[in-house]
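One structure below.
In listed order, ligands and their atoms are each counted from 1.
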Amino acid sequence: MTYARIAGIGSFLPEKVVTNQDLETTMDTSDEWIRERTGIKRRHIAVDGETTSSMGLIAARRAMDSAGVGPDDIDLIVLGTATPDKIFPATACIIQRQLGVKGCPAFDVHAACSGFLYGLDLANRFIRTNGARTALVIGSETLSRITDWQDRGTAVLFGDGAGAVVLEASDEPGILATHIHADGEYEELLQVEQGVSVGFDVTRAGGAYIKMEGNAVFRRAVATFDNIARETVADLDGHLDDIDWFVPHQANMRIIKAAAKKLNMPMDRVVATVDEHANTSGASIPLALDVAIGDGPIQRRQTLLLAAFGAGFTWCSAMLRYGERASEPK
Ligand code: COA
């Protein structure tokens, strides 16, 4: 039986940091409100010239270095992003070219904040069916470019960044189970209304920016994390106590805490980086994972539950056993 395991991980954050205090100077908000309602203290923002591909490229190179693989080893590239560089080609192809990888499939997955885990699910299936042996799965976002910086209801929530993992074929299970879902019923609750097919109208205020029914999204996110965690564990005939680390999508500390509480998961087993990164959509889980694996508390052989939720709505999970320490040579 062929399994997939994480062999390397890397991430990248833009140098520019925007703190809550910085936002206080440009909109009617306060550090206290943002911290209390979201847990966010600061976010990294891409400057001119920093793009989804440029950030994803650096994260990918770091993941490849940590796995000890080169361009010739990569036989699949999947990028989860809602903020591609161009309408086409896929940003995964742009990264592929810059990495010097030739010929393997490279494509973007558009599942909003669930993009990285959707990509991980796909790459896992490729590897398990012998369609690939070494896959690069990236999440990279420049959400600041679709954020309305006049709208305090959304502007305080988002940030930019990228994370990536190298998945390798293995005789031992790394990824134990994945589950992916969507329900288009909730289209209007979290969206950017304009686009290629419906058209761009620069005269319509806010149309090209993220719009959200914050309260409804909040409630749905908490319920969904609970459901998908239980579904994943039940599918493995396991128990929630089997999970050493819960690594949820980093949208809001209150969502993370409420989900953890429903799952009876103490916060010292939950990875939370939303205070430093804000919501980086498809990049949030690999960014959080890199922090928690790099100098953080995650140890080899521990069991992780990754779970994401985003516009669509889309939601997904991956239960995995973290194997070799990514920072050590294989
Ligand atoms: N600063 C100060 N006040 C703000 C504010 C800000 N940045 N944003 C909103 N407010 C105000 C509102 O105008 C409202 O004022 P009012 O009572 O005078 O009308 C008040 O704060 C409460 O607003 P509300 O929207 O009810 O707050 P909330 O507790 O629901 O928090 C969110 C708002 C957006 C933080 C919260 O709903 C949330 O996190 N939702 C999920 C968002 C998310 O994670 N989306 C991505 C999922 S992938």
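At the top of the distance list for atom 47 (C) of ligand 1, counting protein heavy atoms only, stands V217 CG1, 3.7 Å. Remark: minimum distance from atom 25 (O) of ligand 1 to any protein heavy atom is reached at N215 ND2, 4.0 Å. If you check which protein heavy atom lies closest to atom 1 (N) of ligand 1, you get T29 OG1, 2.6 Å. Summary of contacts: the protein heavy atom closest to atom 46 (C) of ligand 1 is N279 ND2, 3.6 Å. At the shortest separation from atom 45 (N) of ligand 1 among protein heavy atoms lies M212 SD, 3.1 Å. The protein atom (non-hydrogen) at minimum distance from atom 22 (C) of ligand 1 is R37 NH1, 3.7 Å. Nearest protein neighbour of atom 14 (C) of ligand 1, counting heavy atoms only, is R152 NH2, 4.7 Å. Nearest protein heavy-atom contact of atom 9 (C) of ligand 1 is W33 CZ2, 3.5 Å.
Close contacts of ligand 1 with C113, meaning ligand atoms under 4.0 Å from a residue heavy atom, involve 48 (S). Within ligand 1, counting atoms from 1 as listed, the ones closer than 4.0 Å to a heavy atom of F309 are 48 (S). Every atom of ligand 1 with a heavy atom of I255 under 4.0 Å away is listed here by number and element: 41 (C), 44 (O). Near T38, meaning under 4.0 Å from any of its heavy atoms, are these atoms of ligand 1: 35 (C). Contact atoms of ligand 1 toward H249: 48 (S) (distance under 4.0 Å to a heavy atom of the residue). Those atoms of ligand 1 with a heavy atom of A251 less than 4.0 angstrom away are 44 (O).
Residue V156 places a heavy atom under 4.0 Å from ligand 1.
Taking the six-membered ring where the residue is Trp, H181 and H179 present parallel rings, their angle staying beneath 30° rather than reaching 60°. Using a 30° and 60° split on the angle between ring planes, H44 and H277 fall in the perpendicular class, above 60°.
Side chain of T38 to backbone of I34: a donor-acceptor contact under 3.5 angstrom is found.
More than 12 heavy-atom neighbours from other residues, nucleotides or ligands sit within 6.0 angstrom of CD on E188. More than 12 heavy atoms of other residues, nucleotides or ligands sit less than 6.0 Å from atom CG of D241.
Contacts between I34 and ligand 1, counted as non-hydrogen atom pairs separated by less than 4.0 Å, are absent for every part of the residue. When heavy-atom distances to ligand 1 are checked against a 4.0 Å cut-off, N252 comes that close only through its side chain, counted from C-beta outward.
Checked against D275 for a salt bridge (charged side-chain N to carboxylate O under 4.0 Å, His left out), the options R254, R43, K41, R35 give a single hit: K41. Among W315, F313, F309, the single residue meeting the ring-ring contact (aromatic ring centres under 6.0 Å, His included) criterion with Y186 is F313.
Ligand 1 has no nitrogen or oxygen under 3.5 angstrom from a nitrogen or oxygen of F218.
In this comparison of R254, E36, E32, the heavy atom closest to atom 31 (O) of ligand 1 sits on R254.
Inside a 4.0 Å radius of atom 28 (P) of ligand 1 there is at least one protein heavy atom. Less than 4.0 angstrom separates atom 16 (P) of ligand 1 from none of the non-hydrogen atoms of the protein. By the definition of a contact as any protein heavy atom under 4.0 Å away, atom 6 (C) of ligand 1 is in contact.
Between the side chains of S284 and Q250, not a single donor N or O lies within less than 3.5 Å of an accepting N or O. Side-chain polar atoms of D151 and T154 form a donor-acceptor pair below 3.5 angstrom. T51 and S53 form a side-chain donor-acceptor contact under 3.5 Å, judged by distance and modelled atom types alone. S30 and E24 share no side-chain donor-acceptor pair at under 3.5 Å.
A salt bridge links R301 and E172; the closest N-O separation between the charged side-chain nitrogens and carboxylate oxygens is under 4.0 Å. Salt-bridge annotation for R269 and D244: absent, with no side-chain N of the basic residue lying under 4.0 Å from a carboxylate O of the acidic one.
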